[in-house]
Amino acid sequence: MKIEQIYTGCLAQGAYYIESNGEVAIIDPLREVQPYIEKAEEAGARIKYIFETHFHADFVSGHVTLSEKTGAPIIYGPNANPDFDAIIAKDNQEFQLGNITFKVLHTPGHTMESTTYLLKDENGNDHAIFTGDTLFLGDVGRPDLAQKAASMTQEDLAGILFDSLREKIMPLSDDLMVYPAHGAGSACGKNMMKETVDTLGHQKEMNYALRADMTKEEFIKEVTDGLLPPPAYFPMNVKMNKEGYKNIEEVMEKGQVALSPDAFEAAANETGAVMLDIRHQDEFAKGHVPGSIFIGLDGSFAPWVGDLIRDVQQPILLIGDQNRIEEAITRLSRVGFDNTLGYLEGGFENWRNSGKEIDTVKSIQATEFKAIKDAEDVPVFDVRKPGEYLSEHVIDANHTSLSEINDHLAEYPENTDFYVHCAGGYRSMIAASILKSRGIHNLVDVQGGFKAIKEAGVKTSDYVCPSTL
């Protein structure tokens with residue numbers, strides 16, 4: 001038996017390749033499925049099953065394409081209602097894979113079709129659970145993502161999740177391995193650990209949601225407390241996962257069209273495409289196409305695209321190094337953004353050399369920011385998440401979280417410079433690009449973010465541990 005976790009850090013997502021005696025199961029595959037096919041071929045094995053733990057909201061799974069390419073059936077747990085052919089398994093139904101067995105444990109709560117797969121080894125002993133978004137390491141799946149579809153409140157779903165955990169998961173042996181669908185950084189939970197594999201026994205000891213003495217009322221309160229609004233693209237990803245989607249090869253071919261500066265400009269004007277600059281934030285600050293939005297590949301690229309661009313049908317034109325365009329299109333497709341129309345041939349340098357207008361972002365070091373702030377009371381805007389801001393922030397700083405930046409446009413001064421920062425510089429440059437695209441140019445980005453600001457000696461509020469907020 002072979003179990004391999006295939007973890008994608010930028011999505012904080014875990015897919016799984018399980019092999020036994022020449023047969024393979026894939027659990028929650030990514031959109032690009034060729035690596036799974038090649039892995040099985042190299043092992044002389046065939047992909048027999050594709051298990052889906054639920055209809056994912058934060059990424060587009062590769063289940064449909066993988067089934068088309070291999071003939072392997074897609075398997076969901078009870079209550080699933082996809083528009084394509086799939087096996088809708090019954091609770092406790094078993095599937096043989098080589099010398100091992102998968103048992104279906106219906107664990108609704110995160111969504112009503114959420115299912116955990118219990119793996120039994122060749123001797124019939126329980127070995128591991130693949131929990132999807134039902135149980136994370138340090139947390140459980142948020143119960144607010146499926147409430148509209150299920151005609152239930154988040155409190156209703158939280159109560160159902162409580163029962164699923166107590167009846168299906170917690171009675172299992174402590175030595176079972178837990179393989180979740182996500183880790184720290186995912187928007188599908190609140191307090192996930194950075195580790196991606198653990199024992200169930202350790203989770204029973206440290207996961208707040210698995211406390212043995214916890215009442216259902218306490219569970220509902222703790223699981224629903226402090227939930228931030230889910231990213232706007234989540235419902236569209238659920239729709240794609242339920243209804244199907246384009247083959248990724250079509251998406252890649254459509255997006256990898258090189259456009260001259262003139263053709264790029266014409267395409268942007270004619271289609272209303274978002275010009276998405278995927279370079280490093282320092283490069284963007286030094287020069288960029290006017291009106292373009294920065295979301296760099298060297299960060300949480302796809303989740304921020306989903307959170308800020310939101311509409312998966314939105315046309316996109318890419319600006320960046322040619323050798324990273326394919327990566328960008330792939331990562332966009334993972335969250336359902338399939339409408340990339342092409343990229344700027346030769347990158348920004350070709351745009352500059354063609355004599356077209358360019359824009360820049362004024363950016364200063366934290367030490368210069370300290371000197372300015374010590375001399376006068378200047379407006380400061382912190383674009384980090386609410387928990388980060390409440391934990392510690394620059395004295396008198398305004399909080400305008402990047403996720404809701406468009407709701408704060410009226411708060412930015414019109415006739416004086418203001419200073420923008422995040423934690424390390426990535427998100428503040430995204431914010432700067434959005435503000436400039438809205439005609440707000442009197443901003444100054446503080447390089448290195450709050451970390452550099454604090455090291456420079458700027459006065460900050462007293463630190464509060466985020467876990468106490």
Side-chain angles (χ1 to χ4, degrees), residues 31 60 231-233 236-237 239-240 245-281 283-284 287-297 299-361 402-403 405-406 409 429-441:
R31 181 83 179 269
V60 178
Y233 75 100
M236 288 176 273
N237 275 202
K239 180 179 172 68
M240 294 175 73
Y245 43 76
K246 295 178 185 175
N247 191 301
I248 193 169
E249 281 83 0
E250 295 177 37
V251 176
M252 299 302 296
E253 183 178 354
K254 177 182 175 183
Q256 294 187 82
V257 175
L259 300 170
S260 68
D262 286 342
F264 184 89
E265 186 174 35
N269 292 333
E270 292 169 8
T271 65
V274 169
M275 297 179 290
L276 186 60
D277 195 315
I278 60 174
R279 298 175 296 158
H280 190 274
Q281 59 261 32
E283 294 178 293
F284 183 86
H288 58 266
V289 176
S292 59
I293 301 299
F294 164 78
I295 305 180
L297 277 177
S300 296
F301 171 71
W304 278 119
V305 168
D307 206 12
L308 296 170
I309 297 180
R310 301 186 175 185
D311 182 3
V312 297
Q313 300 300 325
Q314 170 64 48
I316 292 173
L317 292 164
L318 294 172
I319 305 166
D321 295 336
Q322 185 168 339
N323 63 1
R324 302 199 73 182
I325 295 299
E326 182 177 352
E327 176 189 353
I329 299 169
T330 299
R331 289 170 66 177
L332 286 168
S333 74
R334 288 174 181 166
V335 290
F337 286 79
D338 289 354
N339 203 12
T340 302
L341 304 180
Y343 66 94
L344 178 58
E345 186 176 25
F348 176 72
E349 287 308 310
N350 192 21
W351 178 274
R352 185 201 299 271
N353 294 337
S354 71
K356 292 188 179 294
E357 182 182 356
I358 68 169
D359 200 355
T360 60
V361 176
L402 176 58
S403 293
I405 193 167
N406 288 316
L409 297 180
M429 192 58 67
I430 298 175
S433 72
I434 292 173
L435 293 174
K436 289 178 73 67
S437 74
R438 300 290 190 271
I440 301 172
H441 297 281

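Rounding to the nearest 0.5 angstrom, the gap separating the CD1 atom in Ile319 from the CD1 atom in Ile325 is 9.0 Å. Taking NZ of Lys254 as the reference point, atom OG of Ser333 lies at 12.5 Å (rounded to 0.5 Å). Atom CZ of Arg438 sits about 6.5 Å away from atom CG of Leu409, to the nearest 0.5 Å. Atom CE of Met429 and atom CD of Glu283 lie 11.0 Å apart (nearest 0.5 Å). Leu341 CG to Gln314 CD: the interatomic distance, rounded to the nearest 0.5 Å, is 9.0 Å. The CD1 atom of Ile430 lies 9.5 Å from the CD1 atom of Ile293; values are rounded to the nearest 0.5 Å.
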Under the side-chain contact (heavy atoms from CB on, under 4.5 Å) criterion, do Ile434 and Asn406 qualify, and how do the steps go? CA-CA 8 Å; Ile434 292 173; Asn406 288 316; 3.8 Å; yes
Evaluate Thr340 against Val251 for side-chain contact (heavy atoms from CB on, under 4.5 Å), listing each step before the verdict. CA-CA 8 Å; Thr340 302; Val251 176; 5.9 Å; no
Could you go step by step and tell me if His288 and Val361 meet the side-chain contact (heavy atoms from CB on, under 4.5 Å) rule? CA-CA 9 Å; His288 58 266; Val361 176; 3.7 Å; yes
Please lay out, stage by stage, how Ile329 and Tyr343 fare under the test side-chain contact (heavy atoms from CB on, under 4.5 Å). CA-CA 10 Å; Ile329 299 169; Tyr343 66 94; 5.9 Å; no
Counting only pairs under 3.5 Å, give me each side-chain donor-acceptor contact of residues 301-312, with atom names and distances, residues two or more places apart or in other chains.
{"residue": "Asp307", "atom": "OD2", "partner": "Ser403", "partner atom": "OG", "Å": "2.7"}
{"residue": "Arg310", "atom": "NE", "partner": "Asp307", "partner atom": "O", "Å": "2.9"}
{"residue": "Arg310", "atom": "NH2", "partner": "Ser403", "partner atom": "O", "Å": "3.2"}
{"residue": "Asp311", "atom": "OD1", "partner": "Gln313", "partner atom": "N", "Å": "2.9"}

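Scanning both residues, Trp351 and Pro290, for their nearest heavy atoms gives NE1-CD, 4.2 Å. For Ala328 against Ile278, the heavy-atom pair with the smallest separation is CB-CD1, 3.8 Å. Between Phe264 and Met275, the closest heavy-atom pair is CE2-SD, 3.7 Å. For Leu344 against Pro261, the heavy-atom pair with the smallest separation is CD1-CA, 3.8 Å. Heavy-atom minimum distance, Ile405 versus Ala431: CD1-CB, 3.5 Å. When all heavy atoms of Ser292 and Phe284 are compared, the closest pair comes out as OG-CE1, 3.5 Å.
Judged purely by atom type and a 3.5 angstrom limit, Ser433 uses its side chain to pair as donor or acceptor with the backbone of Phe294. In this structure, the side chain of Asp321 does not engage the main chain of Asn323 through any donor-acceptor pair within 3.5 Å.
Counting heavy atoms of neighbouring residues, nucleotides and ligands inside a 6.0 Å radius, atom CD of Glu349 exceeds 12 of them.
Using a 4.0 Å cut-off between a side-chain N of Lys or Arg and a carboxylate O of Asp or Glu, Glu327 and Arg331 qualify as a salt bridge.
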